[in-house]
2 protein chains.
Amino acid sequence: MTPQRPTMNDVARTAGVSLKTVSRVVNGEATVAPDLVAKVRAAVESLDYRPHLGASMLRRNDRRTRTIGVLLDDVSHPFSAALHRAVEDQARARGIHVLTGSLDQDPVREQALATAFAERQTDGLILAPTGGDLGHLEAHTGMPVVFVDRIPAGVTGDSVVSTNVSGAAGAVRHLVAQGHRRIGYLGGRRLLSTARERHRGYLRALGSHPGPAVHDLHDPTAAERAAIAMLRAPDPPTALFTTQSMVTTGAIRALRRLGRERSVALIGFDDFPLADLLDPPVTVVAQDPSRMGRTAATALFERIDGYDGPPREIRIPTTLIPRGSGEL
Amino acid sequence: MTPQRPTMNDVARTAGVSLKTVSRVVNGEATVAPDLVAKVRAAVESLDYRPHLGASMLRRNDRRTRTIGVLLDDVSHPFSAALHRAVEDQARARGIHVLTGSLDQDPVREQALATAFAERQTDGLILAPTGGDLGHLEAHTGMPVVFVDRIPAGVTGDSVVSTNVSGAAGAVRHLVAQGHRRIGYLGGRRLLSTARERHRGYLRALGSHPGPAVHDLHDPTAAERAAIAMLRAPDPPTALFTTQSMVTTGAIRALRRLGRERSVALIGFDDFPLADLLDPPVTVVAQDPSRMGRTAATALFERIDGYDGPPREIRIPTTLIPRGSGEL
DNA sequence: ATGAAAGCGCTAACAC
DNA sequence: GTGTTAGCGCTTTCAT
């Protein structure tokens, strides 16, 4: 026996007006006589009426739910979390709500959540693609999609990504400028465009003399092991370049374990909290996840509002932040 | 001229069956002849039909949207982000989606988002209350609410919070056991139950001899200034207890600035990434945001499923993690 | 086992 | 200015 929530009809009855008049008042249409407005307001108040957005949206001509979906690697990861927050802020400014999901790089979950969001009629989607086949995601779900962080194989929408190649190349050149000639590379999954691009930047900076490289790392423990192995091998590198924060922290732990944190230089791609409080402070190529989120949200809203130009690839600049570990 | 998404009616027509048969197939009701099922499946496939959850939900008897709202301080803060992630995982296991929002401790936004979620018919809400007046939130929105992290003034629902008093008291006793007699307190907003409870624990451990205290801090810069002032005052404390991670990092910066990080002990409430890599490593009272999120989600789902017992106050234990800074 | 009709809460189109 | 009618896409109820 839960007390039913009141409907517009209930309000109309208690206010002694027609359903449509209530609708007009609730939607702020100006063409209602002041005394009726007052009556309706009073009835809304007394019944504690709240409109049913689902029903409204069903009948409305512009079938908008004013909801978007945001699918990221892991909402608890600092990069994803900052991006999520920025999207949320842009959305709030437009009275739009955000459904979230963490994909953990799982293409199955990606597909499932994108479909589920489509069934909920989200107006659009911001997606950090897992690298699985997205096929014709946009045609399939019927909603505009903006990709963030990574560019999927079969592009069907705008993407907002960091300047990975130049950022990585800049970092490695910075190490070269400090006199390093043998620079190790510790990178993430090559399935993803980020790892490939950052590796390309690394190679570009080193020309025909690249150092040792380990690929497809994505948790700190594996990165730590890989770094230790690399530093213990014959002719070890004098500097390390890591392509994501999980790998960077693994490398830091490795250097500590070997007592080499003051002798082997390190630059990590992607900034992380407290990097400046470590010893030595960690030099990074900082991304700007907030700006990426803002930009992606803006691009998505343009698409939702009907912009129909060709897919855009928007690059967000990175910044080298020298703090010490890259200047050894 | 956007191509309309197909409806059940379209599917029925192309499959040559009635609307209702399509509905049965889509909802997996067993009472449909295999050949009709096949026809419907084919039509669904060829039209790329996807059911409209909003319409379904409107007509259905159990008016569930299978969506919950999660309102936290800031989805990009590590504590909130970890909690969010845990809620999401529990929700996914039940096929439930999550709408998120960051409140930035703003009661106006809290009220607005809670109302907006109610209008979207979310089945329930997990809320880190801002400290503003919530009045009869549950009665008002008509959905169950579970509070996390903090207990609001006028309780109207379950709450899931850390063992703040005993956690704080344990930390301070730990400092006393190291020989400290003068222990400074740097705390967050007393409007919130967390700060009050942690201060109570601090007082309990010190009996009638509390040290200097500064309250109502909530950003690192203010905390840093307060810590510097406290340490420069006459008869400065030999140890600090901080009640949240933002304040803790502020205190760390202050100790560094004064060159006292190896002479003044520090224990912070709430763990944070890389605390173990700092120098000295930071001793903390770790909360368990994942468990809090899991527990809150479970409690909420119980309420959604009709459990109607009295409000529950669930305490999640904290853990003292000695790493060095608290053992000076 | 299948279908026809009614209606969820609301807005659009068109009266009055 | 206000009310009436129809119907969004779907599930229910009830008939066949």
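Computation of the quantities below employed the complete heavy-atom set of this structure, encompassing side-chain atoms and omitting hydrogens, waters and symmetry-equivalent molecules. Keep in mind that this is a model prediction, so the values were computed, not measured. Proteins get letters first, then strands, A, B, ... in listed order; numbering begins at 1 in each.
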Review point. For the pair made of CD in A:Glu29 and C1' in D:dG3, what is the distance, rounded to whole Å?
Key: 13 Å
**Study point:** Whole angstrom value for the distance that separates C1' of D:dC10 from CZ of B:Arg63
**Key:** 12 Å
Point to revise | A:Leu19 CG - C:dG9 P separation (whole Å) | key: 11 Å
Check your understanding: So, is B:Ser56 near the phosphate of D:dC10, with a side-chain N or O under 4.0 Å from OP1 or OP2?
Key -> no
Practice item. Check the distance between C:dG9's C1' and A:Met8's CE and give it to me in whole angstrom. Key: 8 Å
Check your understanding: Under 30°, 30 to 60°, or over 60°: which ring-plane class applies to B:His97 and A:Phe117, parallel, tilted or perpendicular?
Key -> perpendicular
Check your understanding: Considering only heavy atoms from C-beta outward, does the side chain of A:Pro144 approach that of A:Val146 to under 4.5 Å?
Key -> no
Point to revise | Between P of C:dA12 and CE of A:Met57, the distance in whole Å | key: 13 Å
Check your understanding: Which of residues 31-47 of chain A have a heavy atom under 4.0 Å from DNA chain D?
Key -> A:Thr31, A:Val32, A:Ala33, A:Leu36
Revision key, fill the gap. Out of D:dG3, C:dA12, C:dC10, minimum distance to the side chain of A:Arg24 belongs to D:dG3
Practice item. Using atom CG of B:Asn9 as one end and atom C1' of D:dC8 as the other, report the distance to the nearest whole Å. Key: 12 Å
Exercise for review: Examine D:dT11: is either OP1 or OP2 under 4.0 Å from a nitrogen or oxygen in the side chain of B:Ser23? Give yes or no.
Suggested key: yes
Review point. Within a strict 4.5 Å, meaning less than it, do heavy atoms of the A:Leu47 and A:Val11 side chains meet?
Key: yes
Revision key, fill the gap. With the side chain defined as heavy atoms from C-beta on, B:Lys20 is closest, among D:dT13, D:dG9, C:dG9, to D:dT13
**Study point:** A:Thr21 side-chain N/O to D:dG3 phosphate OP1/OP2 under 4.0 Å
**Key:** yes
Review point. Side chains of A:Glu45 and A:Val40: does their closest heavy-atom pair fall under 4.5 Å?
Key: no
Practice item. Measure from CG on A:Leu58 to P on C:dT11 and round the result to the nearest Å. Key: 11 Å
Exercise for review: Consider the side chain of A:Arg59, meaning its heavy atoms from C-beta on, and name the nucleotide among D:dC10, C:dG9, C:dA13 that approaches it most closely.
Suggested key: C:dG9
Check your understanding: Between B:Asp35 and B:Lys39, does at least one N-O distance fall below 4.0 Å, as a salt bridge requires?
Key -> no
Check your understanding: Whole-Å distance between D:dG7 C1' and A:Asn61 CG?
Key -> 12 Å
Check your understanding: Given the rule in the side-chain contact (heavy atoms from CB on, under 4.5 Å) test, do A:Gln121 and A:Arg64 qualify, once you have shown the distances and angles that lead to the verdict?
Key -> CA-CA 8 Å; A:Gln121 327 296 125; A:Arg64 296 280 163 78; over 6 Å; no
